[in-house]
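So that the names make sense, note that chain A is the first sequence line, chain B the second, and so on, each numbered from 1. Since we're looking at a predicted model, the values are computed, not measured.
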There are 4 protein chains.
Amino acid sequence: MKRNKPKYKQIIDAAVIVIAENGYHQAQVSKIAKQAGVADGTIYLYFKNKEDILISLFKEKMSLFVDKIEEVIAGKQTVSEKLLVMIENHCKILSDDHHLAIVTQLELRQSNKEIRLKINDVLKGYLKLIDTILVSGVESGEFSANLDVRLARQMIFGTLDEMVTTWVMNEQKYDLTAQVPTIHKLLLQGCGGRNTISLGG
Amino acid sequence: MKRNKPKYKQIIDAAVIVIAENGYHQAQVSKIAKQAGVADGTIYLYFKNKEDILISLFKEKMSLFVDKIEEVIAGKQTVSEKLLVMIENHCKILSDDHHLAIVTQLELRQSNKEIRLKINDVLKGYLKLIDTILVSGVESGEFSANLDVRLARQMIFGTLDEMVTTWVMNEQKYDLTAQVPTIHKLLLQGCGGRNTISLGG
Amino acid sequence: MKRNKPKYKQIIDAAVIVIAENGYHQAQVSKIAKQAGVADGTIYLYFKNKEDILISLFKEKMSLFVDKIEEVIAGKQTVSEKLLVMIENHCKILSDDHHLAIVTQLELRQSNKEIRLKINDVLKGYLKLIDTILVSGVESGEFSANLDVRLARQMIFGTLDEMVTTWVMNEQKYDLTAQVPTIHKLLLQGCGGRNTISLGG
Amino acid sequence: MKRNKPKYKQIIDAAVIVIAENGYHQAQVSKIAKQAGVADGTIYLYFKNKEDILISLFKEKMSLFVDKIEEVIAGKQTVSEKLLVMIENHCKILSDDHHLAIVTQLELRQSNKEIRLKINDVLKGYLKLIDTILVSGVESGEFSANLDVRLARQMIFGTLDEMVTTWVMNEQKYDLTAQVPTIHKLLLQGCGGRNTISLGG
DNA sequence: TATGAATGAGGATTCATTCAT
DNA sequence: TATGAATGAATCCTCATTCAT
C-alpha cells in the first residue's frame, strides 16, 4: 500500500499507542482512527483490514530492529562483541520505547493464530540475523564446529524474549539494560564461546 | 469447585481438545459442553464462568508438570542430571499430548491480560522449581557462586518455551525429544556447569 | 393442592421473604426452596410451577385482608364508620408486615401480564367488598342515589393503593396509619358523604 | 443522545408498538430494530442500552403529558376547570394512543426496580403539576386552607391511574373519556371544592 | 482522498423444571 | 414424599467493514 504517504506511518504509530494503552482486545479500529486523527473509513484507504495494520506495524518496527543491529555488528570483529551489541540494541530499542515493548511482548501475542503465523514470518529476518552471527562464530573457530545453530538461535532468542517479557510484566520497574553483560555471558558460554570483550578475561 | 467429580476433569479435557482443534476464539462453551457430553448449563455447575475453565485447565495441567518433574529430579544427584530430566520431562509431556502443546504454546496466549496474569501466577510454581535446581547447583559448587539465578532461570525457561513453540508452529513435524541432549548441553554450559551425565564427555 | 400441609404455607412465607429481600426478578425457585428449608424439587410437589406460587401467595394474603375487613365492618352502622375501619385495616395490615407491603406494592407488579390478570381476579373479592360498603351508603341515604359505585370504588382503591405504594417507595419512613383520618375525610367527601365518626363535626 | 435525529423518535415509536403488541418481556431489541426499520446495531448509536430506550420512551411521552396539560390549564381560571382539563387530557392522550396506554399502564411496570426508580423520577414532573393545581385552589379559597396537598395529590393520581388501568385491563372496551365528568366531580368533592364548570350546579 | 452513519453476525450465561434415586 | 444434579432455550451488545456523499 501507500507506505510513503504520511498517514500510513501516522496510523501505525497511533496503533502502537492505542494497543499499548488499551490492550489488544480494546484496540478498536475507531480508537486507532481517532488517535491518528482520521476518520474510520480512511484507515481502509491505507490498510486492507485490521489484521493488515498489525502485520504492517510489526514489519515496520521489526525492520528498525534488523537495520539497526545489522549496522552495529558490521563494525565488530569477534562473535562475542557481535553478540553483545545485538543484545545491547535489542534491549535498548525496547527500553527506549515503552509502548512498543508492551505491544510486542504482551499485546500482539493475543492475536489469533493466523496473524501470529504472519508475524512469525516477519520475525524470520531477525532470526536469520542471529544465525548469521552464530555461523560467523563457528567459522572463526570461536564456537565449536558442531554447534547446533538452529537450537542455539532458539536459546538466544527465547532467552532475550523471556527476559524482556518478564521486565514488561514487572511494569518495566528495573533497568533492563543493566542485565545485558550478565545475559551476554550466559548465552556466550551456552554456545561454548569465550568472552573477548575488552574488559573480559 | 468439585474437582473430584469425574465431570470436572471431563470438561477440562474436552476444553483442551476443543481449543486445540478450533482455536481459542472459536472454542465456544457450547462446543466444550458437546465435546464433554454434557449440557451447556452443566458446565456452570463445575466452573464459575468460561475464564474459570481456562485457568483451571492450566492449573490442572501445570500441576502435572510440577509434580512429575519434582518426582524425577528427587532421584538425581548432580545438577546436570536434574536439569536433564527436567528438560526431558518438559519435552515429553508436551510431545505426548499434541493437543495440550497447541493449547499451552499458542492458543492460551490469546486470552486477555486478566486471564494471562492468572495463568502467570500458576506458572510461578514451575519457575520456582527451576530456581530450586539452579540453587542446588550453586550450593554443590557445580555452578559458579555468582550465577544470577533469576537470569539463568529466564534463560532456561525462555529457551525451552521457544523451542517447544517453534516445534508446535512447525506442526510438530520433527521429534522434539531428540533435541533434549543438545539443548541440555547448551543450557548447562550457559550456567557454567559441566556435563556429568554418564555418557557425556 | 395440598394447602393444609405445613410445607404449603412454609413455602409461601418463604416466597414473601425472598421476594421482599431480593426483588421479584431475583427470587429464583432455588432461593425460595432454600429459605423454606426444602429441596428445589419439593416445591413442585406443592405447586404446579413458579407462577402458581405467586398466585397462591396473593390469594392467601388477600383472603386475610377480606376476612379481617369483613369482620370489622360487620360491627359498624354508618358508611362513614365502615369506610374508616376499612381504610384503617388496609393500612394496618400492610404497616404491620413490611415484607408483605413490599411484595404487594412493588415486586408482584413486575410479574408478566398473564400473572397480573390472575392476581386481578383474586383482587376482585376485595373490590366487591368496597362496592358493598358503597352500596350500603347509597341505600342508607348517606351517599347520593346517583353515585357511580364503579368509579367511586376505583377512586377508593386507587387512592389507597397509591398512598401505600408511595409510603413503601419512601422506604416506609413515616407512619402510614397517621394518614388514615385525613384520607378517610377526602374519600368520604369525594363520595358525597358526611363524617359521622364520633369526633367528627 | 441525538434527540433531534429522526431515527431517535423512530426507534422510540417502534418500541411503544413492539412492547404493546408483544409484552415487555417479549420486546427484544432485534424486534424493536426491525419495527423501526433499522439494523440492531443502529439502536446503539442512539441509545446507551435497552434500559435507556425504555427510560427515554417514558421521558418523551411524559413530557408530552406535562407540556400539553400545562398549556391547557394556563387558560383556565378556577381550580375546578383546571382539574377538569387535566383529567380530560390525561384520559384523552391515553385514549387516543392505545399502544401507549398499554405500555404505560401494564408493560412498563414489569421492568426491574432500577428502571422503575428512574421512571418514577420522570413521573415527579407530573405529580408536581398536580400539586400546583391543588395549591392554586387553596390560595384562591376554592379549597380549604388545611387541605393536605400531598394526600390529595395521591388521591387524584391514584384514582386516574386506577381508572385508566382498569380500562386497559378491560381491553379498552368502553369509552374512557365518558367517565371524565363523573370522576372530576368525585375528585373535586374529595378536595372540598365546588363545581364551577358552566353546566355544573 | 476523506468521511462517519449504518450494518448485522455471533456467544456466554441463567434458571424453571424434570426425573432417577 | 423428598431430593438435587442435570437440562437447554433464549438474548443483548460490540465492532470490523462498507459506501453514499
Side-chain angles (χ1 to χ4, degrees), chain A residues 2 5-8 11 25-34 36-54, chain B residues 2 5-8 11 22 25-34 36-54, chain C residues 2 5-8 11 25-34 36-54, chain D residues 2 5-8 11 25-34 36-53:
Chain A
K2 303 134 192 188
K5 294 295 184 74
K7 283 196 180 159
Y8 178 82
I11 291 166
H25 291 291
Q26 281 306 306
Q28 294 86 352
V29 171
S30 60
K31 255 183 205 156
I32 295 173
K34 198 172 184 181
V38 301
D40 293 18
T42 306
I43 298 270
Y44 292 87
L45 298 175
Y46 295 88
F47 298 90
K48 215 168 70 223
N49 48 34
K50 188 178 179 180
E51 180 178 322
D52 189 30
I53 306 177
L54 304 176
Chain B
K2 305 145 187 185
K5 294 293 189 73
K7 286 200 177 150
Y8 178 82
I11 291 164
N22 299 274
H25 291 290
Q26 281 306 305
Q28 293 88 349
V29 171
S30 60
K31 257 183 204 156
I32 297 173
K34 198 169 183 183
V38 299
D40 293 16
T42 305
I43 298 269
Y44 294 88
L45 297 175
Y46 295 89
F47 300 90
K48 217 167 66 229
N49 47 36
K50 187 178 179 181
E51 178 179 323
D52 190 30
I53 306 177
L54 305 175
Chain C
K2 304 131 190 189
K5 294 296 185 72
K7 283 196 180 160
Y8 177 81
I11 291 165
H25 291 290
Q26 281 305 307
Q28 295 86 351
V29 171
S30 60
K31 256 185 205 156
I32 296 173
K34 198 172 186 182
V38 300
D40 293 16
T42 306
I43 298 270
Y44 292 87
L45 299 174
Y46 294 90
F47 299 90
K48 215 167 71 225
N49 49 34
K50 189 179 179 180
E51 180 178 321
D52 189 29
I53 306 177
L54 304 176
Chain D
K2 305 147 188 184
K5 295 293 189 72
K7 286 199 177 152
Y8 178 82
I11 291 165
H25 290 291
Q26 280 306 307
Q28 294 88 347
V29 171
S30 60
K31 260 185 203 155
I32 296 173
K34 198 171 184 182
V38 300
D40 292 18
T42 305
I43 298 272
Y44 294 87
L45 297 176
Y46 296 89
F47 299 91
K48 219 166 66 228
N49 48 34
K50 188 179 178 181
E51 177 178 324
D52 190 30
I53 306 177

request  = State which of F:dG4, F:dA16, E:dT13 makes the closest approach to the side chain of C:D40.
outcome  = F:dG4

request  = Return the value, rounded to whole Å, for the distance between atom OH of D:Y8 and atom P of E:dA5.
outcome  = 17 Å

query = Please give, in whole Å, the distance from F:dT14 P to A:K31 NZ?
reply = 12 Å

ask   = What's the shortest heavy-atom distance between A:Q28 and A:K50, and which atoms?
value = CA-NZ, 4.3 Å

task = In whole angstrom, give the distance that lies between atom OH of C:Y46 and atom P of E:dT17.
result = 18 Å

ask   = Just checking B:V29: base, sugar-phosphate only, or nothing, at a heavy-atom cut-off of under 4.0 Å?
value = base

key: Per A:A39 side chain, nearest of listed nucleotides E:dG4, E:dT17, E:dT7   = E:dG4

key: Comparing C:E51 and D:G41 on DNA chain E - which has the more 5′ nearest nucleotide   = D:G41

Closest to the B:N49 side chain, choosing from E:dA5, F:dT18, E:dT13 = E:dT13

inquiry  = What contact category does D:Q26 fall into here, base, sugar-phosphate, or nothing, at under 4.0 angstrom with non-hydrogen atoms?
reply    = sugar-phosphate

ask   = Starting at CD1 of A:I53 and ending at C1' of F:dT17, how long is that distance when rounded to a whole Å?
value = 11 Å

note = Under a 3.5 Å limit on both distances, the Watson-Crick or wobble mate of F:dT18 is E:dA5

remark   = To the nearest angstrom, the CG-C1' distance between B:L45 and E:dT14 comes to 11 Å

key: Interatomic distance where NZ belongs to C:K7 and P belongs to F:dT3 [whole Å]   = 5 Å

task = Let me know which of C:D52, C:I11, C:I53 forms a side chain to side chain contact (heavy atoms under 4.5 Å, CB included) with C:Y46.
result = C:I11

key: Whole-Å gap separating C1' (F:dG4) and OH (C:Y44)   = 13 Å

key: Options F:dC12, F:dT18, F:dT7, nucleotide nearest the side-chain atoms of B:V38   = F:dT7

Residue closer to the 5' end of DNA chain F, B:T42 versus D:Q28 (nearest nucleotide) = B:T42

Minimum heavy-atom distance between C:H25 and D:H25, given as atom pair plus value = CE1-CE1, 3.6 Å

task = Would you kindly compare A:K50 and D:A27 by the position of their nearest DNA chain F nucleotide and give the one closer to the 5′ end?
result = D:A27

message = Measure NZ/B:K34 against P/E:dA12 and give the value in whole Å, please.
response = 15 Å

message = Quick check: closest heavy atoms across D:Q26 and D:K31, and the distance to 0.1 Å?
response = O-NZ, 2.9 Å

key: Rounded distance [0.5 Å steps], CD1 in A:I43 versus CD1 in A:I32   = 6.0 Å

